[in-house]
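Below: the structure, in structure tokens.
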Amino acid sequence: FCKKKTTSESQSPSFGEVFGTDLVPVVSSSKPVVEEDPPSGCDHDEKIVWPCTGIVVNIPTKRSADGRSVGESGSKLRDELIRRGFNPVRVHPLWNFRGHSGTAVVEFRKGWPGLHNALSFEKAYEADHHGKKDWGANDDVKHGLYAWVARADDYTASGIIGDHLRKIGDLKTISELMEEEARKQDRLVSNLTNIIETKTKHIKELEAICSETSKSLEVLMEEKENLLQAYNEEIKKIQLSAREHFQKISSDHEKLKSQLETHKKELELRGVELEKREALNETERKKLAEELEQNAVQNSSLQMAALEQKRADENVMKLAEDQKRQKEELHNRIIQLEKQLDQKQALELEIEQLRGSLNVIRHMGEEDDKEVLQKIEASLKDLREKEGELEDLEALNQTLIVSERKSNDELQDARKELINGLKEISRRANIGVKRMGELDGKPFLEAMKRRYNEELAEERASEMCSLWEEYLKDPDWHPFKRIKLEGREEYQEVIDDEDEKLRDLKAEMGNEAYKSVTSAIKEINEYNPSGRYVISELWNYREGRKASLKEGVEFLLELWETVKRRRGMT
């Protein structure tokens, strides 16, 4: 079955020559079949080395220059065995003090597929008459490789093969392996059954919890809807009651005013009648004088009430007119300052020109000394006059600057008073007061409601709002970065999305809470970066910007006109 070839120690064939031309197995054309079941048709009580191990002997070697035997690596033999379909894990050549021993151990995979491969490996070499029995025959010369599966006699044998087998494996029968495999399968099935039962029980518990949670959520949602509906109805009632109360007060005020006017006329008529009857007698005259005095007191009271009403009407108009006048005065002062600045610059230029002319005159020739001196004196006189005018302008400029600052302070005070007066106005109006840098807590509450019940959610949301309000007040926290504007040399501060606190907030609480915090920090950075606290500002809600003082006064006048028209209608 194999081609014989004479070899020697010094000229041994390589693995390629052995597998390429020396051995042509009879069964090499049919690949062994890998099976997942124990092999049949063999002795199940015979002990083999486990994991399955093959023994290869008569490997070609040659002597090196130092006198030691060397041979090819085990990887070539392993690759050849894999090509033939035996699928070994590794081939381990055995070495001793003389070098390569000419033997190797072939290791197969654990399990039944490895055992099938090992038995196919052994049968292939037995079919080629290169099995264990053929190697033990008393032939004179043996050529090629001999191989078989390691069993008990190989395991207990002395020598390099037995020593290596005892290091890497144990002796077991196929029956023992089958029993061990059955025990493993039973343990695996038992463990999987327990796990399935535990998971099933856990799933049922989770389903019960989910069912209870769903019912609780339904009840909570229904309660929420009922509370919201009751709240809306109560708000409507309060608004209707407030409107009716205001209308009633206005109506009562107008009625009282009308009654006072009527009573005043009646008292005047009464006074005329009393004056006509003054000549009747002394008693009547005294009584008439007392009634006249009482009428005068009542009339004075009525006039005082009317004056108070008129004074209240005039105060609003006076405030609006004062704001308008102060703004016009400020505008005129700014224009005057600009004119004075232009005059100052013109005077400075003229003075410099005079000084230049004076220097030129001083350097003129000696022939016209008298004329030159006269020109110098005239230039010096003009120079002193211009410098005096410049000093006057500078004094006037300082006076105007102080006046402008005073007017600006007055405008700021007026703006503060206007803000204080408009704080109670509803945000539904176009002009009102906005608290810049105030944190909106609704997104935090909504985020917490997705995790907790309503009571606990409000508590957690309040804690989170308090925490972020402290962050907003912290001057060391500045989550901004500067970017260069496209096509310009200017820079702009924008929110730094990579800030650790903001990134964690967005991941934990959601995008709405992130927007609430970034909006508040941008307002603080714009309107109060040094103080880092919430301030009130006059605001144009329609256009979403800071309102001017003029817009606030115009809104106040419109509001006053509306109130007056309503009073006129009632």
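Note that this is a predicted model, so its numbers are computed, not measured.
A salt bridge between Lys434 and Glu523 is present, with a side-chain N of the basic residue lying under 4.0 Å from a carboxylate O of the acidic one. Checked for salt-bridge contact, Glu72 and Lys76 meet the test: a charged N lies under 4.0 Å from a carboxylate O. In summary, Glu551 and Arg542 do not engage in a salt bridge, as defined by a charged side-chain N under 4.0 Å from a carboxylate O. Ion pairing between Lys501 and Asp504 fails under the 4.0 Å rule for side-chain N and carboxylate O.
Ring orientation note: the planes of Trp539 and Tyr527 are nearly perpendicular, at an angle over 60° on the 30°/60° scale.
Looking only at atom types and distance, the side chain of Tyr231 has no donor-acceptor partner in the side chain of Asn226 under 3.5 Å away. Under the 3.5 Å distance criterion, with hydrogens and angles disregarded, a donor-acceptor pair is assigned to the side chains of Glu493 and His478.
The heavy-atom pair separating Leu505 from Phe444 by the smallest distance is CD1-CE2, 4.0 Å. Contact between Ile535 and Asn528 at its shortest, heavy atoms only, is CG2-ND2, 3.6 Å. When all heavy atoms of Ile495 and Tyr514 are compared, the closest pair comes out as CG2-OH, 3.9 Å. Heavy atoms only, all atoms of each residue included: Gly85 and Asn117 are closest at O-OD1, 4.0 Å. When all heavy atoms of Ala513 and Pro443 are compared, the pair lying nearest together is N-CB, 3.5 Å. Closest non-hydrogen pair, Pro51 versus Gly169, comes out as CD-CA, 4.4 Å.
Side-chain contact between Asp497 and Leu502 is absent, with no heavy atoms from C-beta onward closer than 4.5 Å. Residues Arg151 and Glu46 have side chains in contact (heavy-atom distance under 4.5 Å, counting atoms from C-beta outward). Side-chain atoms of His100 and Pro93, non-hydrogen and from C-beta on, do get closer than 4.5 Å to each other. Residues Val56 and Tyr125 are not in side-chain contact: their nearest non-hydrogen atoms beyond the backbone lie 4.5 Å or more apart. Trp50 places none of its side-chain heavy atoms less than 4.5 Å from the side chain of Asp170. The shortest side-chain heavy-atom distance between Val70 and Lys62 falls under the 4.5 Å cut-off. Using a 4.5 Å cut-off on side-chain heavy atoms (C-beta onward), Arg63 and Arg68 make no contact. Inter-residue side-chain proximity for Ser516 and Leu439 is flagged as met; some heavy-atom pair is nearer than 4.5 Å.
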* Ser120/Phe86 under side chain to side chain contact (heavy atoms under 4.5 Å, CB included): CA gap, chis, key distance, verdict -> CA-CA 7 Å; Ser120 299; Phe86 301 132; 4.2 Å; yes
* Start with the C-alpha gap between Trp477 and Asp499, add the side-chain angles, then the distance that decides, and say whether side chain to side chain contact (heavy atoms under 4.5 Å, CB included) holds. => CA-CA 10 Å; Trp477 184 52; Asp499 182 79; 3.3 Å; yes
* To do: Verify side chain to side chain contact (heavy atoms under 4.5 Å, CB included) between Glu458 and Leu445, making sure each step is shown before the conclusion.
  => CA-CA 6 Å; Glu458 290 181 358; Leu445 181 59; 3.8 Å; yes
* To do: Show your reasoning for whether side chain to side chain contact (heavy atoms under 4.5 Å, CB included) applies to Ile174 and Leu115.
  => CA-CA 9 Å; Ile174 296 177; Leu115 181 58; 4.2 Å; yes
* Could you go through the salt bridge (Lys or Arg N to Asp or Glu O under 4.0 Å) check for Asp153 and Lys47 one step at a time? => CA-CA 9 Å; Asp153 54 345; Lys47 291 189 175 182; over 6 Å; no
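Here the NZ atom belonging to Lys515 is positioned 12.5 Å from the CG atom belonging to Asp440, to the nearest 0.5 angstrom. How far CD1 of Ile235 is from NZ of Lys237: 11.5 Å, rounded to the nearest 0.5 Å. Expressed to the nearest 0.5 Å, how far CG of Leu119 lies from CD of Glu126 amounts to 9.5 Å. Taking CD from Glu233 and CG from Leu228, the interatomic distance works out to 10.0 Å, rounded to the nearest 0.5 Å. For the atom pair CD (Glu225) and CD (Gln229), the distance works out to 8.5 Å, reported to the nearest 0.5 Å. To the nearest 0.5 angstrom, Ser530 atom OG is 11.0 Å from Ile524 atom CD1.
A donor-acceptor distance shorter than 3.5 angstrom exists from the side chain of Arg503 to the backbone of Glu498, with no hydrogens or angles considered. Judged purely by atom type and a 3.5 angstrom limit, Ser190 has no side-chain atom pairing as donor or acceptor with the backbone of Asp186. Side-chain atoms of Lys142 come within 3.5 Å of backbone N or O of Ala137 as a donor-acceptor pair. The closest donor-acceptor contact from the side chain of Thr156 to the backbone of Ala152 lies under 3.5 Å. Under the 3.5 Å distance criterion, the side-chain polar atoms of Asn96 are matched with a main-chain donor or acceptor of Arg98. The backbone N or O of Leu472 lies less than 3.5 Å from a partner atom in the side chain of Arg532, making a donor-acceptor pair. Here the side chain of Ser211 pairs no donor or acceptor atom with the backbone of Glu207 at under 3.5 angstrom. At distances below 3.5 Å, not a single donor-acceptor pair connects side-chain atoms of Arg78 with backbone N or O atoms of Val106. Not one N or O on the side chain of Arg109 forms a donor-acceptor pair closer than 3.5 Å with the backbone of Val89. A side-chain donor-acceptor contact under 3.5 Å links Asp134 to the backbone of Gly131.
More than 12 non-hydrogen atoms from other residues, nucleotides or ligands lie less than 6.0 angstrom from CD of Glu205. Other residues, nucleotides and ligands contribute over 12 non-hydrogen atoms within 6.0 Å of the CD atom of Glu543. Heavy-atom contacts from other residues, nucleotides or ligands closer than 6.0 Å to NZ of Lys481 number more than 12.
Note: Phe121 and Phe108 meet the aromatic proximity criterion, with ring centroids under 6.0 Å apart.
For the side chain to side chain contact (heavy atoms under 4.5 Å, CB included) with His164, the lone residue among Thr103, Ile55, Val105 that qualifies is Val105.
A cation-pi contact, defined as under 6.0 Å to the ring centre and within 45° of the axis, is absent between Arg435 and Tyr533.
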